[in-house]
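Reviewing the structure listed below.
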Amino acid sequence: MTKIGKDLALAKQLLQNGQLVAIPTETVYGLAANGLNPEAVARIFEAKNRPSFNPLILHVADLEHAVALTSEFPPKARQLAEVFWPGPLTLVLPRHESVPDIVTGGLDTVAIRVPAHSLTLQLLRSLDFPLAAPSANPSGYISPTQALHVAEQLGEKVAYILDGAASTVGVESTIVMVKDDSVYLLRQGGTSEEALKAVVGDIIHATTEAHDKPLAPGMLLNHYAPGKRVLLGNLSLLYGQHFQERVGVLAFKEPLPEIPLEQQRILSPKGDLAEAAANVFAYLRELDKLDVDLIIAEPVPDTGIGRAVNDRLKRASGKVG
Ligand code: TXA
Ligand code: MG
């Protein structure tokens with residue numbers, strides 16, 4: 001089993017040597033490498049089996065380090081960074097020439113964020129390079145929100161797993177691209193659209209739902225998918241159609257009375273969307289491991305971080321839009 005622990009000096013040393021270290025963040029665990037070392041970054045793609053056109057996010061300790069990775073930092077980007085960093089917001093901005101092509105997938109932009117996790121911030125402050133880090137799961141599978149999830153899925157492919165407890169937000173960062181004076185929403189995530197609007201006014205939807213060719217190349221259908229079939233909709237109706245099969249249930253507030261409780265996970269009995277977000281990936285994982293034929297899930301209220309939860313559920317079921 002891969003080593004799991006809180007040894008920052010070891011994590012630093014491995015990263016300096018071009019190795020892969022899983023890092024905790026408030027959203028999900030990342031699979032990190034030196035973001036300025038193309039060979040180290042290549043190991044990420046190899047370990048995840050990730051298509052090379054899918055660019056990575058660079059993680060830095062603060063705004064100043066982010067600015068150094070860009071050729072331009074528009075005022076609206078700065079406003080967003082000042083309000084939401086450290087936190088679950090990724091900014092896509094014109095890249096600095098020092099950022100390797102393998103990080104950006106050849107695009108002229110780079111994605112950057114400052115994660116809100118004390119251990120990872122300490123690590124970032126101790127390094128003189130940014131950390132390129134996608135979610136620490138095999139490409140297409142559910143993102144990890146605990147150190148153990150990473151160990152189960154990536155095992156020996158990662159040199160060390162820095163253990164920072166369970167991710168508190170639980171869904172990935174919101175991604176926005178700022179171009180001149182316009183803000184484009186590329187991925188729903190841990191920072192709500194409402195909160196973004198309160199800071200910069202109008203934002204333009206550029207998520208996969210609105211475009212055939214997604215602006216965030218990683219937003220493919222069938223992402224975040226467990227091994228089992230996932231059906232999304234009204235739980236009673238879905239159960240009615242599949243009562244002859246063994247069904248696992250992912251409910252928002254209340255279990256389905258017809259099904260044994262062991263086969264069900266409740267995202268938030270008190271109906272709290274932040275709690276639902278924090279639980280969604282771990283629960284999908286648990287249901288995937290149960291002896292069931294398929295998983296039925298219901299959408300949560302489509303507001304705030306609930307939008308990101310619904311987006312991930314749609315992708316888990318292979319349906320976007
Ligand atoms: O919360 C998060 O964002 C987590 C943690 C580890 O920070 N990271 C994460 O990374 O979700 P990943 O690689 O799973 O998703 C990054 C997304 C992909 O959809 C990718 O296509 C998009 O960001 N992306 C990266 N660079 C981009 C760019 N220059 N332009 C547009 N999209 C970009
Ligand atoms: Mg991912």
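Whatever order the structure lists them in is the order used to number ligands and atoms, beginning at 1. When reading the values below, keep in mind they use all heavy atoms of this one structure, side chains included, and skip hydrogens, waters and symmetry mates.
Residue Leu91 holds its CG atom at 11.0 Å from CZ of Arg113, rounded to the nearest 0.5 Å. With rounding to the nearest 0.5 angstrom, the CG atom of Leu8 is 11.0 Å from the CZ atom of Arg125. Distance check, rounded to the nearest 0.5 Å: CZ of Phe252 to CG of Leu267 gives 7.5 Å. The line from CD of Glu172 to CG of Asp311 is 9.0 Å long, rounded to the nearest 0.5 Å. Ile102 CD1 to Asn37 CG: the interatomic distance, rounded to the nearest 0.5 Å, is 9.5 Å. The distance from the CG atom of Leu294 to the CG atom of Leu238 is 8.5 Å, given to the nearest 0.5 Å.
Interface of Ala111 with ligand 1, defined as ligand atoms under 4.0 Å from a residue heavy atom, comprises 25 (C), 26 (N), 27 (C). Within ligand 1, the atoms closer than 4.0 Å to a non-hydrogen atom of Thr27 are 1 (O), 2 (C), 4 (C), 5 (C), numbered from 1 in the order shown. Every atom of ligand 1 is numbered from 1 in the order shown, and the set under 4.0 Å from a heavy atom of Thr109 is 28 (C), 29 (N), 30 (N). Near Leu186, meaning under 4.0 Å from one of its heavy atoms, ligand 1 places the atoms 31 (C). The Arg187 neighbourhood of ligand 1 comprises atoms 2 (C), 3 (O), 9 (C), 11 (O), 15 (O), 16 (C), 17 (C), with distances under 4.0 Å to a heavy atom of that residue. Of all atoms in ligand 1, listed by their number and element, those nearer than 4.0 Å to a heavy atom of Ser135 are 8 (N), 9 (C), 10 (O), 12 (P), 14 (O). With ligand atoms numbered from 1 in the order given, ligand 1 contributes 28 (C), 29 (N), 30 (N) to contacts under 4.0 Å with heavy atoms of Leu107. Counting the atoms of ligand 1 from 1 in the order shown, those under 4.0 Å from a heavy atom of Glu172 are 1 (O), 2 (C), 11 (O).
Proximity annotation for atom 6 (C) of ligand 1: of Pro24, Pro115, Gly30, Gly30 comes nearest, heavy atoms only. Among Gly105, Ala133, Gly106, Pro134, the residue whose heavy atom lies nearest to atom 12 (P) of ligand 1 is Pro134.
Of the N and O atoms on the side chains of Arg312 and Ser143, not one donor lies less than 3.5 Å from an acceptor on the other residue. Looking only at atom types and distance, the side chain of Gln146 has no donor-acceptor partner in the side chain of Arg285 under 3.5 Å away. For the residue pair Thr90/Ser173, the side-chain donor-acceptor check at 3.5 Å is satisfied.
Within the 4.0 Å heavy-atom criterion, the part of Arg50 lying near ligand 1 is the side chain and not the backbone. In Ile57, the part holding a heavy atom less than 4.0 Å from any atom of ligand 1 is the side chain. Using a 4.0 Å cut-off between heavy atoms, His59 contacts ligand 1 through its side chain alone, with no backbone atom that close. Residue Ile175 touches ligand 1 through its side chain alone, judged by heavy-atom distances below 4.0 Å.
Considering backbone and side-chain atoms alike, Thr25 places every N or O at 3.5 Å or more from each N or O of ligand 1.
For the pair Thr104 and Thr109, the minimum side-chain heavy-atom distance is 4.5 Å or more. Side-chain contact between Val67 and Glu64 is absent, with no heavy-atom pair separated by less than 4.5 Å.
Under a 4.0 Å heavy-atom criterion, Arg95 is not in contact with ligand 1.
For the Mg ion (ligand 2), the set of nearby N, O or S atoms under 2.8 Å includes one belonging to Ser135.
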